[in-house]
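Structure first, commentary second.
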There are 2 protein chains.
Amino acid sequence: MAKPPKENSPITEHLAYLLAQANREINRQLETRLAKEGVPVEQWRILKVLSDGNGHSMGELADAVLLNHPTLTKMIDRMVSDALVYRVQDPKDRRKVLMFVSDRGKALCRRLNSLAVSQEEHIVESYGDKSTTELKRLLESLIGSAN
Amino acid sequence: MAKPPKENSPITEHLAYLLAQANREINRQLETRLAKEGVPVEQWRILKVLSDGNGHSMGELADAVLLNHPTLTKMIDRMVSDALVYRVQDPKDRRKVLMFVSDRGKALCRRLNSLAVSQEEHIVESYGDKSTTELKRLLESLIGSAN
DNA sequence: GTGAAAATATTGAATATTCAACAATTGAAG
DNA sequence: CTTCAATTGTTGAATATTCAATATTTTCAC
């Protein structure tokens with residue numbers, strides 16, 4: 001019972017490939033849903049993380065939303081232009097910038113959450129309750145063991 | 001036992017997010033390994049798919065390696081310059097181009113396979129045999145149910 | 001058979017991402 | 001205290017990706 005693939009195994013037996021494929025497919029589905037609001041997936045992540053009402057530094061936020069720092073900076077620039085979020089310099093540490101969500105951003109986030117939840121409900125429907133729960137558990141555990 | 005997250009759930013409970021996070025982490029690890037040969041993950045995928053010795057059209061290949069068509073075209077241009085692969089016009093259907101690996105590409109692919117297998121062995125070590133097998137099974141099934 | 005529609009791959013312009021360098025602030029050693 | 005290193009965020013240039021348009025070939029309806 002080979003756990004790691006052999007060197008001549010098809011690429012479809014590699015965990016890295018299966019993850020990339022599944023992520024691509026699910027992300028594409030979500031992207032399509034969120035397009036109703038004209039918002040990329042990453043902006044939904046940002047709004048959702050900021051929705052706890054606390055200020056988050058750029059570094060913190062970049063980790064949370066799975067973006068590199070310069071990419072995040074530029075995306076935040078756009079969101080500031082759209083009045084979805086705003087910057088405040090951290091009074092405790094003036095190197096940092098704290099990000100907050102605006103009322104407009106909160107309202108948009110609610111609509112996006114609804115679309116995202118509906119997508120996941122759709123997945124659960126065709127994929128099954130048990131499988132979804134178990135898959136999430138295994139992914140969390142993989143992420144934990146990779147650090 | 002909530003299967004889909006509620007609208008105010010943290011983003012970390014969304015399947016789409018967990019997949020993106022896990023993929024990012026594992027892909028980054030693999031990227032680091034393959035960097036020893038100076039090759040991006042996508043080129044390894046291309047070489048591996050072509051390693052069955054059959055000619056593959058660009059469309060076929062794009063699907064298999066999870067790249068959009070124009071992105072693939074440009075990456076193949078580079079690989080042709082590096083003499084790793086070559087194009088042949090399909091005699092059965094002259095709209096198509098069939099891609100093949102060169103000997104140089106095959107040799108590189110062998111070295112890359114070894115690095116990739118070693119990565120997955122490393123994952124299995126810390127994550128466990130059972131978990132890895134089960135995660136792969138669930139991912140395959142998710143991909144299947146998503147189409 | 002002919003002409004319209006579909007399929008395939010590529011190109012170029014527009015957009016996005018990344019890498020390396022920078023500026024500003026804080027921390028810490030001496 | 002002062003200086004040097006580390007942290008944080010941004011910027012600009014280089015690179016990569018994507019979207020829309022194109023060229024070519026095939027398929028299909030008539």
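Side-chain atoms are counted along with the backbone in the values below, which use heavy atoms only and exclude waters and symmetry mates. Convention: sequence-line order gives letters A, B, ...; per-chain numbering from 1.
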When you measure from the side chain of B:Thr32 to the backbone N and O of B:Arg28, does any donor-acceptor pair fall under 3.5 Å?
-> yes
Choosing from D:dG9, C:dT25, C:dT11, which nucleotide comes nearest the side chain of A:Asp93?
-> C:dT25
Check against salt bridge (charged side-chain N to carboxylate O under 4.0 Å, His left out), A:Asp103 and A:Lys106 = CA-CA 5 Å; A:Asp103 289 345; A:Lys106 280 179 203 150; 3.6 Å; yes
State, with a plain yes or no, whether a side-chain heavy atom of B:Glu42 is found less than 4.5 Å away from one of B:Val65.
-> no
Does any N or O in the side chain of B:Lys48 come within less than 3.5 Å of the main-chain N or O of B:Asn113, such that one atom is a donor and the other an acceptor?
-> no
Spacing of A:Asp77 atom CG relative to D:dT10 atom P, expressed in whole Å | 7 Å
Are OP1 or OP2 of D:dT10 and a side-chain N or O of A:Arg87 less than 4.0 angstrom apart?
-> yes
side-chain N/O A:Ser57 vs D:dT8 OP1/OP2, d < 4.0 Å = no
Quickly work out the A:Leu72 CG to C:dT17 P distance and round it to whole Å.
-> 11 Å
In whole angstrom, give the distance that lies between atom CD of A:Gln89 and atom P of C:dT25.
-> 7 Å
How many Å lie between CG on B:Asn68 and P on C:dT8, as a whole number?
-> 16 Å
Side-chain contact check for A:Arg94: nearest option of C:dA9, C:dT25, D:dT18 is C:dT25
Measure from the side-chain heavy atoms of B:Arg78 and tell me the nearest of D:dA13, C:dT11, D:dT17.
-> D:dT17
Value in whole Å for how far the C1' atom of D:dT11 lies from CD1 of A:Ile76 | 16 Å
Under the 3.5 Å rule, do the base of D:dT26 and the side chain of B:Lys96 count as making a donor-acceptor pair?
-> no
Would you say a side-chain N or O of A:Thr71 is under 4.0 Å from OP1 or OP2 of C:dT17?
-> no
Round to the nearest Å and state the distance from B:Asp90 atom CG to D:dT27 atom C1'.
-> 16 Å
Length of the CG-P vector between B:Asp63 and C:dA7, whole Å | 14 Å
Sorted by position of nearest nucleotide on DNA chain D, 5' first, the leading residue of A:Leu98 and A:Lys74 is A:Leu98
Taking for A:Arg95 and for A:Met75 the nucleotide of DNA chain C with the nearest heavy atom, the one nearer the 5' end belongs to A:Met75
d(CG, A:Leu61; P, D:dT8) in whole Å | 14 Å
Is there a side-chain contact between A:Leu15 and B:Leu139 (heavy atoms, below 4.5 Å)?
-> yes
